[in-house]
Amino acid sequence: MSAEPAPVSEEEFKEQLQNGKMVESVDEMTEGYKKALKQILLVSADTELMSAPAYYEQSLNAPSLDARASCVSVIQDELGHGHIAYRLLEDLGEDREDLIFNREPNEFRNTYGFDQHIDNFAELVCAHGLFDRAGITLLGDIHENTSYAPWKRALTKVSKEEQFHLRHGETWMRRLANKNESTRQKVQDAVDWMFPMALEWFGLPDDKKRHDDQLDYRIKGKSNDELRQDWMDRAIPFLSEIGLEFPAHYDEDADEYVIDYEFPVAFDEENKEWRFDEPISWDDVIDRWRARGPANEKYVDMIQSGNVDVMPQ
Amino acid sequence: MSKSSKSEIDEMGFGPFDIGPDGTETDLERAVWANLDEIPDPHIPLSLVEMAMIYDVTVEDRVAHIDLSFPCMGCPAYEFIHDDIRGCLRTMSGIEGVEIDVVWDPVWSKDMLDDGAREKLRESGIAL
């Protein structure tokens, strides 16, 4: 299917979009718009899809039947959200089957957080509470601001379901943090590696980005730093309320949250520990992301093989 | 509020489902229905009443008795919905206790949804 070239330049198209123009189909897109949209949709689709295997094992380790039903429902939702994003990519000329089944693990573009092993139930609910919060922050902005109408409509359902994941995550984080010292420590240990992981999720700081087609084409509405602030604005009061520690604070003068270390820093994948005294460049971060994380091959294999152990010992 | 009472459902050609308010409620029971209609389903953009999950409400001796059903046996939000109902009704003047009975008769059916609920689901991309 070849689209007619849009009768405007990229710059004119960007201006129309900034003035509120909505895009309904591929025929209305410039090549630049289509490329930028595909790029962000693929990250979104892969992130939704790969959260499913990441969440799987510990969902079966939930401490009650109700909790297990909630966890399994989260996985079902995430697969549905992935399906929506791959379906939208199909409208842009991509092949869904090909994207899911014929790529190498290192070709997936999911967030690095879902390349990590989730090793206990506390880590699972912290992923629901912190990572799904990051997902809501990113998708909430797109839902509100995007110029791509089919995505905007599809996100109504996605947003509501993500709210449920977040509630489930935060309810259990609170419960475990208040239960006893041992479960509390498990939640703190999870937050220790997941909090900085979520901060990185939002990408390069604004002053390091030369240009941002996704903003120029109004595929999204907020910059990386704005979204990172939005996430902290909601995650930090909750973490404070349940008495957990995290490496950031609110700066009265700057009227924003400030990260308490030289961001970004090196990550010890094997031990899931941040080396806060070892600052690195964003090029290093992107190299680390591109190399993929320790669970990447396992999770992609779970999806592509269709083999999962439903009764793990 | 849902139009899922027996008589209205019959008029709409659904049912018959003997669920929902039937016009014999006290003022307090009507207020309980109205408050339940403000509780969102945690997973779907409708209230619990719009989802036709509240089958009956009675108030006796300042205790609200709620007959609650679920669209599926393994509802992922089973616990949240119980918490939300208790949390919502306990703050009402005239209510001191909340008792929730989970009932499976009649079995919940999407035929219990009224046109307004169906339209809201359609708008949010949920197929019936």
Side-chain angles (χ1 to χ4, degrees), chain A residues 48 52 55 59-60 62-85 87-88 124-125 128-129 132 136 139-140 142-143 148-175 310, chain B residues 2 36-54 66 68-91 98-104 107-108 110 113 115-128:
Chain A
E48 299 280 13
Y55 289 166
S59 292
L60 303 190
S64 71
L65 197 56
D66 280 345
R68 182 170 168 152
S70 299
C71 291
V72 170
S73 163
V74 170
I75 293 174
Q76 187 182 24
D77 288 346
E78 301 293 12
L79 291 171
H81 301 170
H83 173 76
I84 288 170
R87 176 63 190 80
L88 290 168
L124 176 64
V125 296
H128 292 149
D132 280 46
I136 290 172
L139 293 177
I142 291 165
H143 188 200
Y148 189 45
W151 200 5
K152 185 183 183 80
R153 286 192 292 269
L155 286 175
T156 305
K157 175 174 183 284
V158 174
S159 296
K160 177 75 187 179
E161 290 173 352
E162 291 288 355
Q163 288 293 339
F164 168 74
H165 306 174
L166 184 62
R167 180 174 174 187
H168 163 76
E170 291 191 347
T171 298
W172 275 98
M173 284 174 77
R174 185 191 301 277
R175 202 170 278 167
V310 292
Chain B
S2 164
L36 292 171
D37 200 23
E38 296 292 323
I39 301 177
D41 180 297
H43 221 154
I44 288 174
L46 294 177
S47 78
L48 299 182
V49 174
E50 288 172 318
M51 273 298 286
M53 289 161 62
I54 308 294
I66 311 299
L68 168 70
S69 193
F70 290 90
C72 63
M73 297 285 281
C75 174
Y78 191 89
E79 198 183 336
F80 291 157
I81 290 170
H82 279 74
D83 288 349
D84 287 349
I85 291 174
R86 289 201 189 92
C88 171
L89 299 186
R90 270 181 189 154
T91 60
V98 180
E99 286 192 4
I100 300 170
D101 285 329
V102 175
V103 296
W104 300 103
V107 174
W108 187 92
K110 59 190 179 184
L113 300 174
D115 288 345
R118 285 159 187 273
E119 180 59 19
K120 281 187 192 173
L121 289 180
R122 197 190 63 76
E123 281 172 5
S124 62
I126 297 172
L128 279 173

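Computed from a predicted structure; not experimentally measured. Within every chain, numbering begins at 1; the chains are lettered A, B, ... in the order of the sequence lines, protein sequences first and strands thereafter.
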Seminar exercise, completed: side-chain contact (heavy atoms from CB on, under 4.5 Å) with A/Thr171: of A/His168, A/Met173, A/Arg175, A/Arg174, only one passes, and it is A/Arg175
Problem set entry | Distance-only side-chain donor-acceptor flag, A/Glu162 / A/His165, under 3.5 Å | yes
Exercise. Given the options B/Gly125, B/Pro45, B/Cys75, which has more heavy-atom pairs under 4.5 Å with chain A than any of the others?
Worked result: B/Pro45
Exercise. Parallel, tilted or perpendicular for B/Phe80 and A/Phe164, by the 30°/60° rule?
Worked result: perpendicular
Problem set entry | Per-residue contact mode, B/Ile44 against chain A (heavy atom under 4.5 angstrom) | backbone
Exercise. For A/Gln163, is it the side chain, the backbone, both, or neither that has a heavy atom closer than 4.5 Å to a heavy atom of chain B?
Worked result: neither
For this session: Please round to the nearest 0.5 Å and tell me the distance separating atom CG of B/Asp37 and atom CD1 of B/Ile54.
Result: 9.5 Å
